[in-house]
Amino acid sequence: MLLPDNVHPENTVYYNGAFVLGVARARPGLDWLDLYAEVRDSRNMSVAVFVLCLDWLFLLELVVLDNYGRVQICS
């Protein structure tokens, strides 16, 4: 759920997606697995939540995956 009203804000896709986007901007050109490792080092996030965040960021046209699996920031 994007904005649940019964959990802490740090468990929402909005919060975690912003965190993933911040790491992707700080370390451009990482493949999705290396990006997950960077995110996991800073924040305890499951793979399922990470992929959900990537999907959400893709739907918002903020990131894309290139042919090599690298996460690219859209301009």
Side-chain angles (χ1 to χ4, degrees):
M1 192 175 285
L2 293 179
L3 287 174
D5 58 357
N6 58 355
V7 297
H8 300 285
E10 63 271 3
N11 295 333
T12 63
V13 174
Y14 280 129
Y15 181 85
N16 288 310
F19 190 80
V20 170
L21 186 61
V23 173
R25 284 188 175 156
R27 302 279 314 266
L30 290 176
D31 69 5
W32 72 271
L33 195 56
D34 291 335
L35 180 61
Y36 173 67
E38 289 285 326
V39 168
R40 191 188 59 217
D41 287 345
S42 302
R43 177 157 178 73
N44 189 16
M45 185 183 301
S46 68
V47 174
V49 171
F50 176 76
V51 170
L52 182 62
C53 291
L54 277 184
D55 288 344
W56 182 66
L57 293 171
F58 174 77
L59 289 173
L60 293 175
E61 298 179 353
L62 295 174
V63 299
V64 293
L65 285 177
D66 66 10
N67 293 337
Y68 303 105
R70 294 180 300 217
V71 178
Q72 301 293 329
I73 303 294
C74 296
S75 52

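Numbering starts at 1 and runs along the sequence shown. Computed from a predicted model, the values in this text were never measured in an experiment.
Closest of all the heavy-atom pairs between Leu57 and Gly17 is CD1-O, 3.6 Å.
Under a hydrophobic-cluster definition in which Ile, Leu, Val, Met, Phe, Trp and Tyr are linked whenever side-chain heavy atoms come within less than 4.5 Å, directly or via other members, Tyr68 and Leu54 are assigned to different clusters. The hydrophobic clustering, which links ILVMFWY residues whose side-chain heavy atoms are closer than 4.5 Å, places Tyr14 and Val20 together. When hydrophobic clusters are built by joining Ile, Leu, Val, Met, Phe, Trp and Tyr residues whose side-chain heavy atoms come closer than 4.5 Å, directly or via intermediates, Val51 is not grouped with Tyr15.
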Can you list, pair by pair, the side-chain donor-acceptor contacts under 3.5 Å of residues 58-65, counting residues two or more places apart and other chains?
none

Enumerate donor-acceptor pairs with a distance under 3.5 Å from any side-chain N or O in residues 34-42 to protein atoms, sequence neighbours excluded.
unit_1 : atom_1 : unit_2 : atom_2 : d
Tyr36  : OH     : Met45  : O      : 2.8
Glu38  : OE1    : Arg27  : NH1    : 3.4
Glu38  : OE2    : Arg27  : NH1    : 2.8

